[in-house]
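Inspection log for the structure reproduced underneath, given as structure tokens.
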Amino acid sequence: RTRRRTSHHQLPPSVNGIALLRLLPAIFKKGIPAVMNDLYIKYGSVFTASLFGASITLLIGPEVTAHFFQGLDSEISHGNMFEFTVPMFGKGIAYGRDMATRNEQKRFNVEAVLKPSRLTSHVSIMLQEVESYFSKWGKEGIVDLKVELERLLMLITSRCLLGKEVREDMFDEVNTLFGELGNGLNMISFLYPYLPTPACRRRDRARIRLTEILSNVVVSRKRSGRVEEDTLQRLMDSRYKDGRSTTVEEVVALIIALVFGGKHTSSHTSTWTGARLLSHPTVLKAAIEEQERITQKYKDNELDYNSFLEMVTLHCCIKEALRMHPPAPALVRKVHKSFTVQTREGKHYEIPQEHIVATPILVNNNIPYIYKDPQVYDPHRFHPDRNEDKVGGKFSYTSFGGGRHGCNGEAYAYLQIKVIWSHFLRNFELELISPFPKTDWSRYAAEPKGNLFVRYKRTA
Ligand code: HEM
């Protein structure tokens, strides 16, 4: 049903609560992605779903999401929907601060994490961590890949982002505290971040202790004048436009947010990449052959940032795993100023002020006129000769969001996952023992459900 409006553009078609409740059995039977896709097929790329008095307008596909991603924060923003991050990271940053300060802090993040010169300096540390981790594995055995990758990524993160003090002396405690911070995030704390539930209390205690540990590191570096090569140091050295330095409180909150933003996203993606690769022998063979070519060119111990950039096949394998398994299934914004969208079919809709809008990454990444046979794991679709996401237009591929609030850690995330998988492909033969994992939607980042047992055998 399309609703009329007094202005010359219509409001989007709406799906009412009864129709949504009727979908519940289908959700249990087919799963959320399939039901979302059915809604897209039935109602099109723009529609409003209303339930219990709350409405949310869905925007699907690159034709209608440009403003969602690029609009000014004064016109469309996260609003107060990210309030749940304040008790996780502290009041010093992001949603605890005004917009101008937030934008400056975003610049600090980009300069501290994303710049190629930063990534270049991370490569050798990542390689050291990965080589040392796998040197402790035997000649052959069985491991839960999900558990192993989560720990390894946290070791890399603690060294590259948090610095050697944490990596060398406090890794286990800090790792546990980040776990508790994450466990405090669920549907209830997302909606009511300050409820005195046991999970919220543990989250608060974890943030306080993390803040204490990291503040000590920052203060001790400042006192001794010691300068390290890590993201924490970059944030300490960042300056606001007016020349002011970042405070200890801000540095600590920024680094906690960065670690948290990259932790689950990267570890789930590396696990999904493994599950997909090990289920597709032809793709796996192509990825191994690429490693052979690159190691012949660079020799094993000379792998550097450029050599990882050259791993196009592996890059596409990760990108395709992320297309099919985006850790954030949907992104949301609040509309502060109404805007219009034009669909592929040429219909115009007005999205009114105060509406909540969402774009379901899950559906965006599976649109059949952009992605050929979207249900098939086909990394080659991203190779320069096909470039399906680029042909489809900006915002066809939304696993990292895009535009104004696009991911600050994309290049870093690819790099660390490539370093790990490149090592696997060069040194081990792996066989998937567990069935291909289902998705666990109950967590804030969609993750592979259960264990992922893999048999490994050393080849080098
Ligand atoms: C595979 C790994 C990753 C995925 C899939 C991912 C995904 C995303 C997505 C979808 C957004 C946009 C959120 C929105 O528009 O509401 C985002 C934002 C962000 N990500 Fe990532 N991320 C990953 C890794 C990382 C890493 C490793 C870091 C840091 C080292 C990081 C830091 C951030 C930050 C700071 C933002 C906020 C940007 C802003 O609001 O301006 N991410 N990420």
Side-chain angles (χ1 to χ4, degrees), residues 9 11-15 32 36 39-40 43-86 88-89 93-103 105-106 109-110 185 187 189-193 257 260-261 265 326-343 348-365 367 393-410 444-446:
H9 293 310
L11 290 177
S14 79
V15 193
I32 298 171
M36 287 298 300
L39 286 171
Y40 167 54
Y43 295 97
S45 54
V46 184
F47 61 89
T48 300
S50 307
L51 191 62
F52 306 128
S55 299
I56 185 161
T57 296
L58 278 293
L59 301 172
I60 300 168
E63 293 80 10
V64 295
T65 43
H67 186 69
F68 180 100
F69 286 118
Q70 295 178 140
L72 291 173
D73 280 320
S74 55
E75 299 184 6
I76 184 167
S77 79
H78 288 112
N80 60 1
M81 285 177 288
F82 273 41
E83 182 67 28
F84 71 91
T85 60
V86 176
M88 294 177 74
F89 309 144
I93 60 154
Y95 299 90
R97 301 297 287 273
D98 62 275
M99 196 64 81
T101 312
R102 267 187 230 172
N103 285 337
Q105 292 174 342
K106 185 178 168 67
N109 280 343
V110 172
L185 185 54
M187 221 24 166
S189 68
F190 178 74
L191 294 170
Y192 306 102
F260 194 80
T265 45
L331 304 175
V332 275
R333 302 282 190 270
K334 175 131 191 216
V335 180
H336 308 301
K337 188 175 172 213
S338 70
F339 64 101
T340 24
V341 290
Q342 182 180 358
T343 68
H348 289 83
Y349 292 117
E350 182 176 342
I351 315 295
Q353 193 173 334
E354 295 303 311
H355 259 217
I356 304 286
V357 281
T359 189
I361 297 180
L362 275 173
V363 184
N364 297 340
N365 283 358
I367 295 176
K394 210 172 166 191
F395 310 125
S396 294
Y397 184 87
T398 50
S399 292
F400 289 98
R404 199 167 291 278
H405 291 284
C407 180
N408 291 163
E410 177 172 351
Y444 49 90

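The figures here come from the full heavy-atom set of this structure, side chains too, leaving out hydrogens, waters and symmetry mates.
Closest of all the heavy-atom pairs between Y43 and S14 is CE2-O, 4.3 Å. F68 and L331 make their closest contact through CZ-O, 3.5 Å (heavy atoms, listed as atom of the first residue, atom of the second, distance). Between H67 and E75, the closest heavy-atom pair is CE1-OE1, 3.4 Å.
For the atom pair CD1 (I76) and NZ (K334), the distance works out to 11.5 Å, reported to the nearest 0.5 Å. One distance of note links OG1 of T48 with CD1 of I56; it measures 9.5 Å at 0.5 Å rounding. From M88, atom CE reaches atom CZ of F260 across 3.5 Å, with rounding to the nearest 0.5 Å. Once rounded to the nearest 0.5 Å, the distance linking CD of E354 with OG of S55 reads 12.0 Å. To the nearest 0.5 Å, the span separating CG on N364 from CG on L59 amounts to 9.0 Å. To the nearest 0.5 angstrom, I351 atom CD1 is 14.5 Å from K337 atom NZ.
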Which is it for F69 and T398 under the side chain to side chain contact (heavy atoms under 4.5 Å, CB included) test, yes or no, and what are the steps along the way?
CA-CA 10 Å; F69 286 118; T398 50; 3.7 Å; yes
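With hydrogens and angles disregarded, a donor-acceptor distance shorter than 3.5 Å links the side chain of S396 to the backbone of G393. No donor-acceptor distance shorter than 3.5 angstrom exists from the side chain of N80 to the backbone of E83, with no hydrogens or angles considered.
Annotation: side chain of S45 is in contact with side chain of Y40 (closest heavy-atom distance under 4.5 Å). Within the 4.5 Å cutoff, the side chain of I60 has heavy atoms near those of the I367 side chain. In this structure, the side chains of R404 and L72 come closer than 4.5 Å at one or more pairs of heavy atoms.
Each of H405, H78, R333 was compared with D73 under the side-chain hydrogen bond (donor to acceptor under 3.5 Å, both in side chains) criterion, and only H405 meets it.
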